[in-house]
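Just so we're on the same page: letters track the sequence lines, and every chain starts at 1.
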Amino acid sequence: NFREAERKWQAAWAERRCFEAAVDDTRPKYYVMEMFPYPSGRIHMGHVRNYTLGDVIARFKRARGFNVLHPMGWDAFGLPAENAAMEKKVHPATWTYDNIATMRAQLQSMGLSLDWSREIATCHPEYYRHEQAMFLDMLEAGLVYRKEASVNWDPVDQTVLANEQVIDGRGWRTGAVVERRKLAQWFFRITAYAEELRLALEGLERWPAKVRLMQENWIGRSEGARALFPLAGRPDSIEIFTTRPDTLFGASFVALAADHPLALELAAGDPALTAFIEECRKTATSAEALETLEKKGHRTKLEVVHPFDPNWKLPVYVANFVLMEYGAGAIFGCPAHDQRDLDFARKYGLPVKPVVIPPGADPAGFRIDDVAYVGDGRLANSAFLDGLDVPAAIDRAIRRLEEIGAGERMVHYRLRDWLVSRQRYWGCPIPVIHCEACGIVPVPKSDLPVRLPEDVTFDRPGNPLEHHPSWKHVSCPRCGGAARRETDTFDTFVDSSWYFARYCSPRADKPVEAAAARYWLPVDQYVGGVEHAILHLLYSRFFTRAMRRIGLLEFDEPFAGLFTQGMVCHETYRDGEGNWLLPEEVTKAADGRLVTVADGGPVEVGRSEKMSKSKKNVVDPSEIIQTYGADTARWFMLSDSPPERDLEWTEAGVEGAWRFTQRLWRMVEGALEDLGLRNARPGESVNGENLEAEGASMKLRRATHKTIAGVTEDIERFRFNRAVARIYELANTIDELAPSASAHVRRETLESLVRLLAPMMPHLAEELWHRLGHGGLLADQPWPEADPALVIDDSVTIAVQVNGKLRSTISLPRDCPREVAEQAALADENVARARAGKPVRKVIVVPNRIINVVV
RNA sequence: GCCCGCUUGGUGAAACUGGUAGACACAAGGGACUUAAAAUCCCUUGGCCGGCAACGGCCGUGCCGGUUCAAGUCCGGCAGCGGGCACCA
């Protein structure tokens with residue numbers, strides 16, 4: 001019957017449109033949003049945790065008087081839909097919309113306080129048409145460009161991967177070894193905002209420090225200089241980037257990346273170098289190889305001239321530890337002050353000349369053995385830099401480079417521009433046309449959206465848009481001649497970079513409606529997994545700025561508050577043959593050991609890990625909701641672990657949560673059998689009673705109001721597990737005191753308990769509220785207020801220590817004078833015994849907390 | 001390798017800015033009710049020691065050391081686990 005009750009209240013909320021938000025300038029707004037799901041087929045426990053956390057916040061803020069926006073949508077473009085199309089012969093759109101229908105019903109069964117009227121799906125033309133329009137504006141604003149780029153090509157998916165999507169040299173989805181190809185690609189100019197994105201991190205006070213740090217490292221600012229080393233006997237130079245221009249006089253070689261244009265040029269006439277470059281490309285990919293990789297180089301026949309000394313020539317190597325993607329793809333090596341350069345120099349017999357002398361060391365006698373010196377000191381053997389400390393020498397060296405035209409000061413960022421082209425069907429089409437005569441021509445806005453064709457096939461690899469008989473053949477909007485439509489689609493991170501803004505005005509005929517955006521944005525609280533700590537959040541931060549640039553938004557940071565939840569974990573099981581087993585395939589035998597359900601065979605229990613299909617340690621949320629109800633699932637999600645930490649899903653824990661729902665039910669039903677309570681009204685008589693005369697009533701009232709205050713603070717601070725513990729405590733206190741408390745107080749307590757439960761177990765709370773005789777919906781009720789006078793006790797229990805060891809506790813009036821407390825402590829017999837007659841040297845009194853007698 | 005974080009009973013965890021360590025829950029054990037089981041209710045539950053008992057003592061928050069009247073909390077060192085980045089010039 002609880003499942004019927006849950007459905008009944010879900011229907012009641014929907015009918016009353018409780019959670020549909022509208023702009024209301026008279027009320028403070030609160031925009032809470034969880035990361036929208038990819039419609040993969042069914043929801044998993046990670047979703048349940050994510051949306052439960054967000055829903056507690058949403059319902060709580062609503063009860064606190066905020067005008068809450070709590071929307072939901074679907075990150076609906078992406079690879080799995082195409083994979084399904086190939087495997088199951090179902091159209092990606094059909095597959096996606098079917099999954100959305102299933103998952104929407106699943107989410108609705110959780111009783112989330114979502115505004116479904118604002119639902120969006122990124123694969124819908126009414127969503128992506130606006131993305132295309134913004135792209136065109138950004139293109140015009142210079143935030144987008146196209147360039148021929150060496151890209152990571154996934155040979156299995158036949159698509160380009162972002163650097164971020166290449167893990168250990170393999171595609172992050174397919175695991176295929178990534179190849180390099182040159183293709184013309186679309187980029188967002190995120191690096192133009194590198195410094196702004198970095199600096200603004202400091203202002204994100206309600207973000208986890210960890211996430212801010214990860215973004216900071218990802219942006220990777222380093223200050224240094226660009227320097228040119230002229231090639232001996234050639235007119236051109238090698239450009240390098242260094243953070244240590246002070247050590248230029250300690251240089252002993254220059255090294256190029258294997259993909260450096262000069263290296264490739266030299267390789268043409270040098271089979272050994274060609275082989276070496278091939279080797280670099282192979283080995284520089286796997287993580288284990290990197291770990292143990294020996295620093296290797298190939299000496300070229302070239303030499304460079306030192307920028308500060310025309311007579312000083314240095315050898316040029318191609319080295320396996322220099323990356324083309326970072327800096328200029330070339331370095332100068334200073335073995336004395338860089339460990340990696342030192343290893344390299346020792347291997348190839350290159351000079352090691354110390355130029356930074358540690359404080360106190362003798363410049364003439366200072367030698368480097370196996371360990372490079374990277375600390376501070378005074379410059380030596382360095383001509384005009386001699387005697388300077390490191391920061392001064394860096395500055396001086398850069399100024400000299402600039403004076404002689406051999407380089408300049410430079411800040412380098414690790415962050416690279418965002419490659420958004422994907423050679424895929426199931427994504428937002430990039431709205432441009434390629435014309436032989438006019439070049440790249442934007443699709444006129446009046447022609448938007450550029451819709452995906454529906455008649456596509458997936459019977460061969462590559463991009464179906466490319467294969468489509470007619471879709472790409474268009475006439476040029478500018479000259480009218482034959483032209484070709486762009487067949488690349490956007491990286492799905494583009495879709496998710498602005499959906500938070502679209503929720504504000506999901507049906508508007510422009511990307512965002514200004515008044516709605518002004519009212520609702522930025523998002524007050526964003527809740528999601530830490531796996532999106534870098535890419536999604538950084539792209540959204542960039543996109544917000546890009547939208548500001550094209551006049552759509554008036555602020556920079558999309559998410560004022562961020563909460564990253566932990567993962568949902570479960571033990572792993574294997575049978576005797578080492579095959580993974582689902583939790584439901586395992587059962588407890590009579591002797592307490594775990595055995596397989598199938599044949600009673602032995603089960604090996606592995607450590608608890610994130611729920612994953614590959615290890616089969618998954619529990620289906622629908623089955624839990626079916627068996628125990630949504631409230632039980634929600635309550636368990638909140639109860640044991642702090643939300644930021646990983647949560648261990650256990651059957652026993654779920655049953656504990658289930659038992660508590662039953663206990664609450666019995667508690668209210670039992671109380672209502674008492675006619676006095678049934679007729680009592682809270683608030684009316686409670687304050688009039690002579691509560692002092694009724695110890696239990698007074699104690700129960702105090703416990704109630706302390707719980708209200710505590711739970712309020714705990715929810716405010718996302719300490720849901722503590723809020724849960726407080727509610728258990730109050731339930732225990734009710735069982736203990738209610739029999740001897742007055743009917744009015746019992747009613748007040750039960751009603752408070754039910755109201756505190758509402759954000760976490762909304763259905764049960766609604767049902768109990770109704771049973772307690774209320775006509776309206778609890779969802780429309782304000783949050784209970786704690787009476788401050790009842791939260792603070794008149795008397796306090798104070799611990800008494802002797803020499804720092806607890807010896808007794810005494811009860812004293814709150815805020816009693818220091819002397820009184822001291823006297824009471826000294827008068828205590830346990831204290832006297834512990835003193836053993838020794839004279840008191842000192843008494844430390846911490847008011848209302850502790851007294852320490854030092855003897 | 002660099003940068004972060006964590007380490008508390010059998011388990012998940014509490015303990016506010018240094019002030020009664022283990023709230024709350026799970027598990028376990030004992031008891032009541034029951035023909036029986038389930039459900040429910042009551043009791044015990046960090047370790048060791050003393051006492052018939054009320055109770056009292058000693059030890060205890062990964063390890064070593066320090067600061068302090070007082071340290072899970074602060075400082076220094078070490079170990080283990082987890083995360084992020086990674087030949088980053």
Taking a pair as Watson-Crick or G-U wobble with both distances under 3.5 Å, which nucleotide is matched to B:C85? B:G1

Suppose we define a pair by two distances each less than 3.5 Å, Watson-Crick or G-U wobble; what does B:A37 pair with here? none

Base, sugar-phosphate, or nothing for A:D341, non-hydrogen atoms under 4.0 angstrom? nothing

Remember a base hit wins even if backbone is also touched, and classify A:R807 as base, sugar-phosphate or nothing at under 4.0 Å, heavy atoms. sugar-phosphate

Heavy atoms under 4.0 Å, any strand shown: does A:N830 hit a base, just sugar-phosphate, or nothing? sugar-phosphate

Would you mind classifying the nucleic acid contact of A:T809 as base, sugar-phosphate or nothing, using non-hydrogen atoms under 4.0 angstrom? base

Which part of the nucleic acid does A:Q801 contact within heavy-atom distance under 4.0 Å: base, sugar-phosphate only, or nothing? base

Please check: side-chain N/O of A:D341 versus main-chain N/O of A:C334, any donor-acceptor pairing under 3.5 Å? yes

Look through every strand shown and name the nucleotide pairing with B:U67 as Watson-Crick or G-U wobble, where both distances are under 3.5 Å. none

What one-letter contact string describes nucleotides 2-11 of chain B from 5' to 3', where B marks a base within less than 4.0 Å of any protein heavy atom, S marks contact via sugar-phosphate atoms alone, and - marks no contact? -SS-------

May I ask you to test the A:P847-A:R818 pair for a side-chain heavy-atom distance under 4.5 Å? yes

So A:R722, base contact, sugar-phosphate only, or nothing? Heavy-atom distance under 4.0 Å. sugar-phosphate

Counting only Watson-Crick pairs (N1-N3 plus N6-O4 or O6-N4) and G-U wobbles (N1-O2, O6-N3), all under 3.5 Å, who is the partner of B:G9? none

Show your working on side chain to side chain contact (heavy atoms under 4.5 Å, CB included) between A:R541 and A:Q215 and close with a plain yes or no. CA-CA 11 Å; A:R541 297 180 60 222; A:Q215 293 221 347; 2.8 Å; yes

Tell me what A:T797 touches on the nucleic acid: a base, only sugar-phosphate, or nothing, going by heavy atoms under 4.0 Å. base

My understanding is that a pair needs two contacts under 3.5 Å, Watson-Crick or G-U wobble. By that rule, which nucleotide pairs with B:A23? none

Categorize A:R666 for me: base, sugar-phosphate, or nothing, with a 4.0 angstrom heavy-atom threshold over every strand shown. sugar-phosphate

Taken to the nearest whole Å, CZ/A:F720 to C1'/B:C24 is 17 Å

Which nucleotide, in any strand shown, forms a Watson-Crick or G-U wobble pair with B:C78, with both distances under 3.5 Å? B:G62

Mind checking who B:G29 pairs with, Watson-Crick or G-U wobble, both distances under 3.5 Å? B:C43

Rounded to whole Å, please give me the gap between CG in A:D828 and C1' in B:U20. 13 Å

So what does A:V854 touch, heavy atoms closer than 4.0 Å: a base, only the sugar-phosphate, or nothing? sugar-phosphate

